[in-house]
Amino acid sequence: METSSILAIDAGATKTRARLILADGRVSEATVEGFPVVTAEGGAERAVSVLRLLAERLPLPERIGTVVLGANSVHVPHPAVEALVLDVLGAALSFERAIICSDMVTSYVGALGLSSGVVLAAGTGAIAMAVDADLRAHRVDGLGAFLGDHGSGFRIGHEALTAVYRDPTAESLRALRDAWIGIHGSLEAGAHAVYGGHSSVQVIASFARPVIELADSDPAARAFVRHAAEELRETIRLAADLAAPGAPVTVLGSLATPGNALHRDIVELLAPHTLAPALGDALDGAVTLARSSSPLFLEVSAWHQHP
């Protein structure tokens with residue numbers, strides 16, 4: 001189904017990207033600030049502001065055919081969340097149809113299209129989406145720092161930092177300790193950064209990248225990265241069990257980038273199976289969903305016709 005116009009939105013925590021495709025084929029894109037957690041206090045109001053800012057930067061038609069919102073903070077189906085997000089969209093935009101989902105869904109469709117497979121996204125957290133032979137979607141992990149996110153940036157940073165603070169004079173941890181002190185000035189200041197702000201998980205997860213960079217030369221960092229790869233391999237295995245036999249597997253996100261130690265370990269642990277390259281990104285996936293004539297992946301998305 002080719003809708004009259006499409007507004008695809010990839011609403012991430014650090015930036016919100018949008019692609020507008022008009023009925024005549026013209027394409028415009030815009031990027032603004034990150035999208036808030038809609039269900040948090042004041043989140044809905046901030047989300048409306050972000051969407052209105054996008055609207056100001058795009059040549060929107062009087063009424064958009066389909067809006068697709070893939071947001072890092074939106075997990076559906078959930079009636080209360082769906083109603084809240086629809087109110088947010090309706091306050092900022094005029095449209096005929098809305099598709100609401102996590103950005104994991106749009107990332108999956110962008111990477112593998114409308115077919116069976118597994119997409120693992122690893123960054124601050126870690127989550128996999130599997131699609132079976134009947135095009136039913138399944139979520140694996142993505143349960144946050146306390147209950148899941150195995151192999152994630154948070155987990156890598158947490159394991160490395162708890163080791164450093166448990167034995168702050170250990171010679172075997174010198175490289176990791178120096179890297180942390182290099183960021184924060186001292187161990188005491190680093191601890192204050194973790195406990196003194198409102199984003200402890202983000203602060204801890206931010207140390208994953210230095211750990212991964214050190215893994216090529218430092219045995220302690222190497223061990224933490226290898227453990228993360230093993231955890232991510234297990235997430236992939238669990239997801240692959242839900243997909244069609246032999247379905248492709250793709251790894252996305254800022255953590256396991258091609259060539260770094262974590263990505264190499266994942267590739268090694270998955271052998272003889274290989275990782276499939278992503279066909280596109282989350283905005284491409286959102287456009288593909290918008291062009292679908294019937295709802296898909298209803299296990300992890302919500303499709304609404306707007307009055």
Side-chain angles (χ1 to χ4, degrees), residues 1-12 16-32 35-36 38-39 43-44 47-115 129 131 134-137 139 279-307:
M1 168 183 165
E2 291 291 336
T3 57
S4 56
S5 57
I6 293 169
L7 179 61
I9 304 171
D10 176 32
T16 302
R17 301 184 302 143
R19 180 181 299 160
L20 173 68
I21 304 177
L22 296 174
D24 60 8
R26 285 181 296 154
V27 178
S28 302
E29 295 192 357
T31 301
V32 296
F35 202 74
V38 178
T39 53
V48 170
S49 297
V50 171
L51 293 175
R52 285 176 175 165
L53 186 58
L54 279 176
E56 291 173 2
R57 300 189 180 185
L58 293 167
L60 295 179
E62 184 175 343
R63 191 168 173 85
I64 304 162
T66 297
V67 174
V68 181
L69 176 68
N72 73 311
S73 59
V74 173
H75 298 289
V76 293
H78 188 295
V81 174
E82 291 171 33
L84 179 61
V85 175
L86 280 172
D87 285 346
V88 167
L89 289 172
L93 306 166
S94 175
F95 53 89
E96 297 172 9
R97 184 175 70 155
I99 303 171
I100 301 165
C101 58
S102 163
D103 56 355
M104 184 68 230
V105 179
T106 50
S107 294
Y108 179 98
V109 177
L112 295 181
L114 304 176
S115 60
M129 178 172 159
V131 173
D134 297 318
L135 294 187
R136 290 175 303 204
R139 173 179 163 177
L279 301 174
D281 64 10
L283 281 181
D284 298 317
V287 171
T288 298
L289 287 175
R291 287 176 169 157
S292 175
S293 59
S294 58
L296 297 165
F297 307 141
L298 289 177
E299 301 82 8
V300 289
S301 66
W303 299 56
H304 292 272
Q305 202 71 29
H306 204 258

Looking only at the side chains, is there a donor atom on one of T66 and R97 sitting less than 3.5 Å from an acceptor on the other?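 Yes, because at least one side-chain N or O of T66 sits under 3.5 Å from a partner of the opposite role on R97.
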
Nearest 0.5 Å please: distance from the [atom1] atom of [X] over to the [atom2] atom of [Y].
X	Y	atom1	atom2	value
S94	R63	OG	CZ	4.5 Å
F297	S292	CZ	OG	9.0 Å
I9	D103	CD1	CG	12.5 Å
N72	M104	CG	CE	13.0 Å
L112	M129	CG	CE	9.5 Å
E82	D87	CD	CG	12.0 Å

Sole residue of V88, L54, L60 in side-chain contact (heavy atoms from CB on, under 4.5 Å) with L93: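 Of the listed residues V88, L54, L60, the side-chain contact (heavy atoms from CB on, under 4.5 Å) partner of L93 is L60.
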
Applying side chain to side chain donor-acceptor pair (under 3.5 Å), can you list everything that pairs with S301, at least two apart in sequence or on another chain?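 Partners of S301 under the side chain to side chain donor-acceptor pair (under 3.5 Å) test: W303.
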
Carefully, step by step, assess L86 and I100 under the rule side-chain contact (heavy atoms from CB on, under 4.5 Å). CA-CA 8 Å; L86 280 172; I100 301 165; 3.8 Å; yes

Do [X] and [Y] make a side-chain contact, defined as non-hydrogen atoms from C-beta onward lying under 4.5 Å apart?
X	Y	answer
P36	V50	yes
V131	R136	no
F95	L89	yes
V287	V68	no
C101	T106	yes
E299	R139	no
I99	L69	no
V300	Y108	no

CA sep, side-chain torsions, deciding dist, call: T39, V81, side-chain contact (heavy atoms from CB on, under 4.5 Å): CA-CA 7 Å; T39 53; V81 174; 4.1 Å; yes

Apply side-chain contact (heavy atoms from CB on, under 4.5 Å) to the pair L58 and L7, showing each step before the final yes or no. CA-CA 10 Å; L58 293 167; L7 179 61; 3.8 Å; yes

Name every donor-acceptor pair, under 3.5 Å, that has one atom in a side chain of residues 19-30 and the other anywhere in the protein, sequence neighbours excluded.
{"unit_1": "R19", "atom_1": "NE", "unit_2": "E29", "atom_2": "OE2", "d": "2.6"}
{"unit_1": "R19", "atom_1": "NH1", "unit_2": "D284", "atom_2": "OD1", "d": "2.9"}
{"unit_1": "R19", "atom_1": "NH2", "unit_2": "E29", "atom_2": "OE2", "d": "3.2"}
{"unit_1": "D24", "atom_1": "OD1", "unit_2": "R26", "atom_2": "N", "d": "3.1"}
{"unit_1": "D24", "atom_1": "OD1", "unit_2": "R26", "atom_2": "NE", "d": "3.3"}
{"unit_1": "D24", "atom_1": "OD2", "unit_2": "R26", "atom_2": "NE", "d": "2.8"}
{"unit_1": "D24", "atom_1": "OD2", "unit_2": "R26", "atom_2": "NH2", "d": "3.3"}

Quick one: closest heavy-atom pair of G65 and S5, and the distance?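 The pair with the smallest heavy-atom distance is N-OG, 2.9 Å.
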
May I ask you to decide if L283's main-chain N or O and D281's side chain share a donor-acceptor pair within less than 3.5 Å?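 Such a contact is found between D281 side chain and L283 backbone.
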
